[in-house]
Amino acid sequence: MAVASYEVWGGTIAHISVITHPDFRGQGLGRSAVAHVARRAILSGLLPQYRTLESNAGSIRIAESLGFQQYATSMAVRLK
């Protein structure tokens, strides 16, 4: 119903990704999955990084509930 993983960036950062099936959102499953992979990353000596869109309130709630703090904001631009 929810799955999370991470990709190692630069040998030091665990870039976390998570997805939860829409029918099961709001039940803490995404949070649990992120908590698990973040803990595994820390035990592996990596710095967990959680990125999401500013418009994704649910994802932001997951990050905040686990103690992630905003570090930076990025912007993507598509040029024609």
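Heads up: numbering here begins at 1 and tracks the sequence.
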Might you point out which heavy atoms bring I62 and G30 nearest each other, and give the distance in Å? CD1-C, 4.0 Å
Is there a side chain to side chain contact (heavy atoms under 4.5 Å, CB included) between W9 and L46? Walk through the geometry before answering. CA-CA 9 Å; W9 286 5; L46 299 169; over 6 Å; no
State yes or no: do V18 and V8 share one hydrophobic cluster built from I, L, V, M, F, W and Y residues joined by side-chain heavy-atom distances below 4.5 Å, directly or via other members? yes
Gap separating the CG atom of L66 from the OH atom of Y50, nearest 0.5 angstrom: 8.0 Å
Nearest 0.5 Å, what's the CD-CZ distance between E64 and R31? 12.0 Å
Carefully, step by step, assess Y6 and H15 under the rule side chain to side chain contact (heavy atoms under 4.5 Å, CB included). CA-CA 5 Å; Y6 65 81; H15 177 68; 5.6 Å; no
With rounding to the nearest 0.5 Å, note down the distance linking CE in M1 to CG in L29. 6.5 Å
Rounded to the nearest 0.5 Å, the CZ atom of R61 sits from the CG atom of N56 at a distance of 8.5 Å
More than 12 heavy atoms of other groups within 6.0 Å of I19 CD1: no
Assigning hydrophobic clusters by single linkage (Ile, Leu, Val, Met, Phe, Trp, Tyr; side-chain heavy-atom cutoff under 4.5 Å), is I13 placed with V37? no
Could you state the interatomic distance from OG (S17) to CD (Q49), rounded to the nearest 0.5 Å? 10.0 Å
Which pair of non-hydrogen atoms, one from E54 and one from T73, has the smallest distance, and what is that distance? OE2-CG2, 3.4 Å
Has the side chain of S32 got a donor or acceptor atom that lies under 3.5 Å from a matching backbone atom of G28? no
Enter the distance from S59:OG to R51:CZ here, rounded to the nearest 0.5 Å. 11.5 Å
Apart from V77 itself, members of its ILVMFWY cluster (side-chain separation under 4.5 Å) are M75, L79
